[in-house]
Amino acid sequence: MGIISRGFQGRRRGDDERLPPGQYLTEDFPVLSAGPTPRVPLDRWEFTIDTEGGQVHRWNWQELRALPSETPTVDIHCVTTWSKLDTRWQGVSLDVLFEDVETAAEYALVHSYGGYTTNLPLEDLLDGKAWIAYRYDGEELEPRHGGPARLLVPHLYFWKSAKWVRGIRLLNEDWPGFWETAGYHDYGDPWREQRYEGD
Amino acid sequence: MSADYLDGNALAGPFAEIFAADVTVAVGRCASCGLTGPVAGLRVYAQAPGLVARCPGCEEVVLRLVRGPDAAWLDLRGTISLRIPLPGAGA
């Protein structure tokens, strides 16, 4: 009878089923960044939702923190092939922020302090699928991981979860973001391994 | 803590796969602030899904290079021009 070793990688039973194709499991939290880390003073921080009709919804830091929050525990998948399971966050569901937003737009362009952008269909931000996260693993979110606040959209590759999030523009047409204009997939579903344009 | 970027010489290998000439010695002009300098002097952020080279003056993106399994994507919109030294065209 053969012995199947799972190796000394600290894997828990069932982890393999939670790994999308082409991903490996990491216990670290690698820091990826396309530029210098923006330092955003909380008294100047704001988050906006701009509708296709020109309406601007705006929250400052105190207003964001006063909103009801959730504590999602989710698996995250980076397009550079690492995945991390059971990451613990705290933040405000986009459903809360969109409560009073009237829009018929189908697309969202997320933009960040520092100039980063990423695009996704608006429906991928709603119905409990996305948060503005400001705490990670019981601590305030560190700048290197996107603090003071980042988008969290765990069902898509993690480049969609924009660090240092500043706002969302609602658009009638899809507008590709930073990596989406440089060869990466427009949607980025890890379970369909949509890494590059054309995948 | 070390800087979170490399110098533009980090682009030599990836560019050698695409161009016949050594692009790191080319002199470029930043489309954002107009600073000129060799590609080797750019700040390259490599801990990312692609290589992102930024201007040492204004930190705007000068060029980006993504290597996929069977193609590369090169974005030079942050560069006004590159002066690429070449051997004489010959008599």
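Basis for what follows: all heavy atoms, side chains included, without hydrogens, waters or symmetry-related copies. Chain naming here is simple, since letters A, B, ... match the order of the sequence lines and numbering starts at 1 in each.
- Of the charged side-chain nitrogens involved, none lies within less than 4.0 Å of a carboxylate oxygen, so that A:Glu142 and A:Lys163 do not count as a salt-bridged pair.
- Between A:Tyr136 and A:Phe29, a ring centre-to-centre spacing shorter than 6.0 Å is recorded.
- Side-chain atoms of A:Thr48 do not come within 3.5 Å of backbone N or O of A:Asp50 as any donor-acceptor pair.
- Ranking B:Pro69, B:Ala46, B:Ala71 against chain A, the residue ahead of the rest is B:Pro69, based on heavy-atom pairs under 4.5 Å.
- Residue B:Val44: no heavy atom, backbone or side chain, is found under 4.5 Å from chain A.
- Each of B:Asp75, B:Leu42, B:Val23 was checked for a side chain to side chain contact (heavy atoms under 4.5 Å, CB included) with B:Leu63, and the lone residue meeting it is B:Leu42.
- Taking every heavy atom of both residues into account, A:Pro72 and A:Leu152 meet most closely at CG-CD2, 4.2 Å.
- For chain B, the nearby part of A:Tyr184 is the side chain; its heavy atoms alone come within less than 4.5 Å.
- For the set B:Arg67, B:Gln47, B:Arg64, the entry with the most heavy-atom pairs within less than 4.5 Å of chain A is B:Arg64.
- Heavy-atom pairs under 4.5 Å with chain B peak, among A:Ala182, A:Ser33, A:Gly115, at A:Ala182.
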